[in-house]
There are 2 protein chains.
Amino acid sequence: MYDCDHMDPAQLAALPDGQDLRLARGDALFRAGDPPLGLVLVHRGALELRRVSAEGRLIVLHRAGPGDSFAEASLFEPRHHCDAVATAPSLVTVHAAAALRRAAAADPSIGWRLAAHLAARLVAERARAERLAQPRAADRLLDALHALPEDDDGLRHLGRSWKTLAAELGLTHEATYRALARLERAGLVRRDGRGGVRLAGPPA
Amino acid sequence: MYDCDHMDPAQLAALPDGQDLRLARGDALFRAGDPPLGLVLVHRGALELRRVSAEGRLIVLHRAGPGDSFAEASLFEPRHHCDAVATAPSLVTVHAAAALRRAAAADPSIGWRLAAHLAARLVAERARAERLAQPRAADRLLDALHALPEDDDGLRHLGRSWKTLAAELGLTHEATYRALARLERAGLVRRDGRGGVRLAGPPA
DNA sequence: GGATCCATATGATCACAGTCATACACAGTG
DNA sequence: CACTGTGTATGACTGTGATCATATGGATCC
């Protein structure tokens with residue numbers, strides 16, 4: 001429910017002088033420790049914010065697809081604290097932090113709109129934390145799938161690989177595939193082979 | 001590192017006409033589904049944002065102690081999506097959403113400051129998600145303890161019960177006590193009986 | 001047309017977190 | 001004072017996710 005984007009990032013896009021960038025799969029837009037780049041809008045492709053834990057686990061902090069924005073928090077931080085990597089060939093617009101601050105000084109409404117956008121991201125992030133607090137893989141998985149935008153008839157399309165989803169859920173891909181297989185055997189989930197998912201049963 | 005409060009909520013407190021409220025332990029400031037109350041500043045005591053999962057698990061979405069604020073996101077949402085419950089006798093100030101919006105229209109800097117505050121909360125929330133993605137209880141626990149503010153000599157004070165921390169970490173209290181005992185036996189953690197913790201070894 | 005890489009599986013094993021039970025100390029209350 | 005609720009702690013058992021291994025089909029690249 002509150003996992004979708006309430007605020008249209010496009011309303012943030014009414015901003016001055018963004019710089020367009022193309023990224024190949026695997027390219028890093030920035031690395032942890034870099035000075036903040038600014039607000040990033042994704043037009044095509046997908047980017048992930050990643051960290052590697054002390055034990056070497058890859059952790060996906062956030063994932064942004066077409067129409068999403070990210071790195072908003074970096075506008076107020078001295079350094080980036082994670083890597084931003086393109087998981088597919090991508091096209092993004094970067095609004096430099098300094099320029100954005102100047103624009104906000106000129107147009108007071110930008111601050112409030114940015115706050116609204118950040119509030120939406122915060123709610124989504126809390127939903128994610130709630131999901132991660134579930135102990136069982138099937139619960140996390142079902143929760144994530146129910147949060148997916150639903151087609152006019154009941155089809156949802158997972159816009160990424162199951163392996164990627166596994167990382168977002170804090171699970172190994174093996175656990176994810178197994179949970180998926182069990183859910184499918186139980187008739188709660190049906191997959192068409194191409195990223196489409198159909199769910200049975202109430203979200204509750 | 002990025003789990004502490006970068007932004008001083010007090011700078012948000014330069015706001016008009018807050019309403020002070022006293023809460024007893026167990027009192028709910030609002031419930032899921034209620035219309036947004038507004039921005040809440042905690043002066044004394046502690047409040048938790050809670051949900052109950054479909055399986056009946058109690059999930060702590062956020063915890064605010066003295067000097068913290070919460071429910072910022074509710075300023076932009078039509079309804080609250082979780083309960084706010086006092087876990088101790090508390091004193092709070094509520095800045096009504098409508099009043100805050102009016103104040104922001106009059107003073108443009110409020111929007112930007114609010115955005116900065118929300119950005120800090122977002123970073124903290126991502127750190128929490130990162131923590132919850134760790135599979136082992138000891139890792140989550142150590143991570144959370146290292147994120148605690150450190151005294152001038154190496155003492156950290158856990159400002160809440162271990163049971164409460166367990167809920168924040170998405171663990172049962174049993175698992176938490178056991179992990180704690182193991183860590184203490186291994187010499188990585190030392191507790192004085194009164195909420196004080198001393199850690200050995202690097203955060204990495 | 002191989003050679004590679006990756007996502008998608010599935011099996012075996014083991015560590016560990018969840019669950020249920022029990023116990024004790026302490027605070028607050030009638 | 002007894003009574004109750006809560007936090008702290010530990011034991012036994014079970015379920016399940018992590019780990020390691022292996023296999024296959026689809027891309028992509030020379």
Side-chain angles (χ1 to χ4, degrees), chain A residues 24-26 46 48 53-60 85-89 131-144 158-186 189-197, chain B residues 24-26 46 48 53 55-60 63 85-89 131-144 158-186 189-197:
Chain A
R25 178 191 167 95
E48 285 180 3
S53 76
E55 303 83 31
R57 271 182 90 80
L58 174 69
I59 297 174
V60 179
V85 179
T87 60
R131 191 169 300 143
L132 285 168
Q134 312 257 25
R136 297 217 311 296
D139 291 338
R140 294 193 205 176
L141 195 50
L142 272 181
D143 196 34
L158 177 78
R160 47 207 188 274
S161 71
W162 292 100
K163 204 177 171 182
T164 297
L165 181 64
E168 290 174 39
L169 294 178
L171 298 170
T172 58
H173 56 100
E174 296 99 319
T176 304
Y177 288 130
R178 272 189 261 262
L180 204 44
R182 253 181 289 126
L183 288 171
E184 225 165 8
R185 253 177 273 129
V189 173
R190 238 169 44 226
R191 277 179 288 178
D192 63 1
R194 275 302 172 263
V197 181
Chain B
R25 177 191 168 94
E48 285 181 3
S53 75
E55 303 83 33
R57 270 182 91 80
L58 175 70
I59 297 173
V60 179
R63 190 180 168 280
V85 180
T87 59
R131 192 169 299 144
L132 286 167
Q134 312 257 23
R136 298 216 310 299
D139 291 337
R140 294 195 205 175
L141 195 50
L142 271 181
D143 196 33
L158 177 79
R160 48 207 185 276
S161 73
W162 292 100
K163 205 179 170 180
T164 296
L165 181 64
E168 290 174 39
L169 295 178
L171 297 170
T172 58
H173 57 99
E174 296 99 320
T176 304
Y177 288 131
R178 271 188 263 263
L180 205 44
R182 253 180 290 125
L183 288 171
E184 225 166 6
R185 253 177 272 128
V189 172
R190 239 170 43 225
R191 275 180 291 179
D192 63 0
R194 276 299 172 265
V197 181

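The chains referred to below are lettered A, B, ... by the order of the sequence lines, with proteins before strands, and numbering in each begins at 1. Model, not experiment: these values are computed from the prediction. Side-chain atoms are counted along with the backbone in the values below, which use heavy atoms only and exclude waters and symmetry mates.
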When the distance from [atom1] of [X] to [atom2] of [N] is rounded to whole Å, what number comes out?
| X | N | atom1 | atom2 | answer |
| --- | --- | --- | --- | --- |
| A:K163 | C:dC6 | NZ | P | 8 Å |
| B:L183 | D:dT10 | CG | P | 13 Å |
| B:L58 | D:dG7 | CG | P | 11 Å |
| B:L171 | C:dT19 | CG | P | 12 Å |
| B:H173 | D:dG11 | NE2 | P | 16 Å |
| B:E48 | D:dT6 | CD | P | 14 Å |
| A:W162 | C:dT10 | CH2 | P | 13 Å |

* For B:A167 against B:V60, the heavy-atom pair lying closest together -> CB-CG2, 3.6 Å
* **side-chain N/O A:R136 vs C:dT19 OP1/OP2, d < 4.0 Å** => no
* State whether B:T172 places a side-chain N or O below 4.0 Å from either non-bridging phosphate oxygen (OP1 or OP2) of C:dG18. => yes
Just call it for [X]: base, sugar-phosphate, or nothing, with non-hydrogen atoms closer than 4.0 Å on any strand.
| X | answer |
| --- | --- |
| B:G170 | sugar-phosphate |
| B:R140 | nothing |
| B:R25 | sugar-phosphate |
| A:R182 | sugar-phosphate |

* What's the verdict on side-chain contact (heavy atoms from CB on, under 4.5 Å) for B:L141 and B:L171, showing C-alpha distance, side-chain angles and the deciding distance? -> CA-CA 10 Å; B:L141 195 50; B:L171 297 170; 5.6 Å; no
Does [X] come within less than 4.0 Å of [Y], counting only side-chain N to carboxylate O?
| X | Y | value |
| --- | --- | --- |
| B:E184 | B:R190 | no |
| B:R136 | B:D139 | yes |
| B:E168 | B:R160 | yes |

* Structure fact -> Contact check, residues 174-181 of chain A vs DNA chain C, heavy-atom distance under 4.0 Å, returns A:E174, A:Y177, A:R178, A:A181
* Counting only N and O atoms by type, is there a donor-acceptor contact under 3.5 Å from the side chain of A:R25 to the main-chain atoms of A:T87? -> yes
* Donor-acceptor under 3.5 Å (B:R140 side chain, B:Q134 main chain) -> yes
* To do: Could you say whether A:R194 or B:S161 is positioned toward the 5' end of DNA chain D, judged by the nucleotide with the nearest heavy atom to each?
  => B:S161
